[in-house]
Amino acid sequence: MRMPAQGRTKEDVFAALEEFGTDDLDVHGGGTFAYIYDAGPDVDDVAKRAYTRYLTENALDPTVYPSLLRFENELVAMAIDHLQGDEEVVGNFTSGGTESCMLAVKTARDYFREKKPEITEPEIILPVTAHAAFQKAAQYLCLKPVLVPMDPVTYKADPKAIEDAITPNTIQIVASAVSYAHGVIDPIEEIAAIAKKHDLLFHVDGCIGGFMLPYWRRLGEDVPPFSFEVDGVTSMSMDLHKYAYCPKGASVILQRNKDLRRHQIFTCSSWTGYTVINPTILSTKTGGPMAAAWAVMNFLGDEGYLSIADKMLQATKKIRAGIAAMPEYEILGDPELCLVAFTSDVMSIFPVIDEMKKRGWFIQPQLGFFGSKENIHLSIDQASLTQADAMLKDLRECTDIVKAKNEEAVPADIKEFVKALTPDDFTPELFQEFMKMLGSTDSGELPDGTTEINELLNVMDPGVAKKALTEYMNELYVPPQKSHSAAAE
Ligand SMILES: *Cc1c(COP(=O)(O)O)cnc(C)c1O
C-alpha cells in the first residue's frame, strides 16, 4: 500500500476514521467489563480538551515546558499523598503500568549492580499472580524471574513460598494490591518484613488497585495497610488510566527516596547529539496524557472520586451477589476490590463468553494456571452500576443456553493431542493447520467465536501456548499488500 499521492480532505479523513471504528468494542455504556474505565461524558470532555491542548508539547525536555514539569510533579505529589508516602518519596509520570513496573525492576537491577556487584545473575521473586509486566521486565532487562505459587485458597501471594525462594542472587520481591486476576491484596506487611530482613527491594504493584483501595477503606471496607505506610515497601506503581479514570497513557512510578530513584534515570552525554536525561523509558513524548490526567483529577477531586468509588462498590456487591446466587458458578477467592473472577465445575465457561458477546457484553477469559482454574474475569467500573441487573439477567440466560447445548466445542481426541504437545513439537506449519481447523479463512481472519481457541489454549502446556500466541500475533500484524489508494476510488 502506498500513501495517497494527494492529501485527502479533512471530511474524507474523518469519515474514514469513523468507518474504521465501526467494529470496535464499545467504550461507553457499561457493557464492557475489561479494558475500559468509563466515568461518563463530562470527564470525557475534560480529558479530551486537556489532552489536545497539550498534544504537541514535548515532555522530552521539561526545562523548556515548565507546564509539563508542573503537571508531572503535581500528579506525583497527589499520588504520594494518596499512597501515604512521606517527604522522602519521589516519582515520575509514565505511559502506563508496564512502564512503571519495568522502571521499578530496572531501578532494582541497577541499584544492586552498584551495591552488590558480586551478583551476576540477579533474580526477582514473582508470585504467579503478579502481573505479566514483571516477566516482561525480567526478559527485557536480563533478570531471572522466579515464579512462586500463591495460596491456593485465597489466591494471595504466599509469604513462606517467597521467603523459601530467596537466594544470594535475589534482588527484589514483587506483590500486588490488588492482583489483576483475582482482585485480592497480597499480605503486604508480612512480605515487607521478609524483604527487610533479607535486605531486598520490595515493589508493591498498585497499578489497578492503588487508586481505589483508599476510597473503599473510607467507605467502610476492610483494607489492610498496603502502601508506603508499610516499612519495607521500597517502590510502588499506580495507574491513573485505570480506576483514576484518566485517558490512556497515564501511570506513576514512586520510589521510597532519591537514592533509589537515581538508578531509574538514564543519562547520556557520550554521543554527538543533545544530552539525553530520561527518568522514564520514553524520550520524546506528548504532554497530552499528563495534562489530561491533571485535568481529570482536578475536575473530579477527592469527593468526585469518593462518589465514583461508592458506585463501584455498589455495582461490585450487586454483581458478586448475583453470581454467587447462580449454582453453576464459584467466585475465586474473596475479591477485595472490583475485580471478580468466577469459574464453574459443571460446565465450560468459555462458550458463555461468546453467548454474552452476542448480547453486547464483553467479559474476559482467563486461562487456568498454577491452581487458578480457567475463569471469567470482570473489571467492574462505575458505569457497571446501571447495567448490573441487565448483565446478570443475560448471564443467567446465557448460562442456561450453554448448559442446554451441552456440547464439547473441541473434540476430545484433539484436546488430548494438543495437551500432549511440547514446545519443541510446535511449528508454524502446525499452527496454520490448527487455524484452518478452527475455521480461520486464508486472509488470517479469526473465526467468530473464541470458545475453541480458549479451550485449546487452556489445556496446552504454557510453553506451547506461548509459541502459538506469538505465532498468532506475528500473523495478525501484516501490512495490506495491494497497492491501494482510497483517494482514487
Ligand atoms: C494493568 C496492570 C498492569 C500493566 O499496566 P498497563 O497499563 O496495561 O501497561 C500491571 N499490573 C497490574 C496489577 C495491572 O492491573
Side-chain angles (χ1 to χ4, degrees), residues 25 27 32-37 75 79 83 91-108 124-141 145 147 150 155-157 172-188 191 202-213 216 223 226-227 233 235-254 280-282 285 288-290 292-293 296 312 316 332-333 335-341 364 366 369 372 375 377-381 473:
L25 191 61
V27 293
T32 302
F33 287 83
Y35 306 135
I36 295 298
Y37 307 85
L75 284 166
L83 296 175
N92 288 94
F93 182 87
T94 73
S95 65
T98 300
E99 187 178 359
S100 295
C101 297
M102 200 165 286
L103 287 169
V105 176
K106 181 241 189 272
T107 302
I124 59 173
I125 297 180
L126 305 175
V128 289
T129 51
H131 195 279
F134 293 96
Q135 297 193 43
K136 182 175 179 180
Q139 191 189 81
Y140 278 33
L141 295 163
L147 292 191
M150 74 215 158
Y155 298 91
K156 296 185 181 204
Q172 186 178 40
I173 301 172
V174 172
S176 313
V178 301
S179 64
Y180 181 86
H182 308 101
V184 295
I185 307 170
D186 287 336
I188 301 301
I191 300 170
F202 177 33
H203 181 79
V204 174
D205 182 11
C207 276
I208 196 127
F211 193 80
M212 263 303 140
L213 282 174
W216 279 38
V223 175
F226 69 94
S227 52
V233 171
S235 57
M236 285 196 74
S237 44
M238 180 169 80
D239 289 350
L240 304 178
H241 65 198
K242 287 176 180 161
Y243 290 117
Y245 294 90
C246 298
K248 293 192 182 19
S251 175
V252 289
I253 169 70
L254 304 180
T280 59
I281 296 178
L282 302 185
K285 59 182 177 182
M290 56 180 86
V296 167
M312 290 167 62
T316 304
L332 299 182
E336 289 162 283
L337 199 62
C338 50
L339 301 126
V340 177
Q364 194 177 46
Q366 295 188 134
F369 185 62
S372 175
N375 61 75
H377 182 273
L378 304 176
S379 296
I380 296 165
D381 82 4
M473 208 30 84

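Ligands are counted one by one from 1 in listed order, and the atoms in each one are counted from 1 as well.
Trp216 places a side-chain heavy atom less than 4.5 Å from the side chain of Thr316. In this structure the side chain of Pro247 reaches within 4.5 angstrom of the side chain of Val296, judged on heavy atoms.
For atom 6 (P) of ligand 1, the nearest non-hydrogen atom of the protein is Gly97 N, 3.5 Å.
Shortest non-hydrogen contact noted between Phe93 and Ala293 is CE1-CB, 4.2 Å. When every heavy atom of Met312 is checked against every heavy atom of Asp381, the shortest pair comes out as CG-C, 3.8 Å.
The side chain of Cys207, and not its backbone, has at least one atom closer than 4.0 Å to an atom of ligand 1 (non-hydrogen atoms only; side chain from C-beta on). Here Asp205 has side-chain heavy atoms under 4.0 Å from ligand 1, and that is the only part of it that gets that close.
The aromatic rings of Tyr180 and His377 lie parallel to each other, with less than 30° between the two planes, well short of the 60° mark.
Heavy atoms of His241 approach ligand 1 to within less than 4.0 angstrom.
On a distance-only criterion, Thr98 and ligand 1 share at least one N/O pair closer than 3.5 Å.
Checking Met238, Lys242, Glu99, Lys136 against atom 14 (C) of ligand 1, the nearest heavy atom belongs to Lys242.
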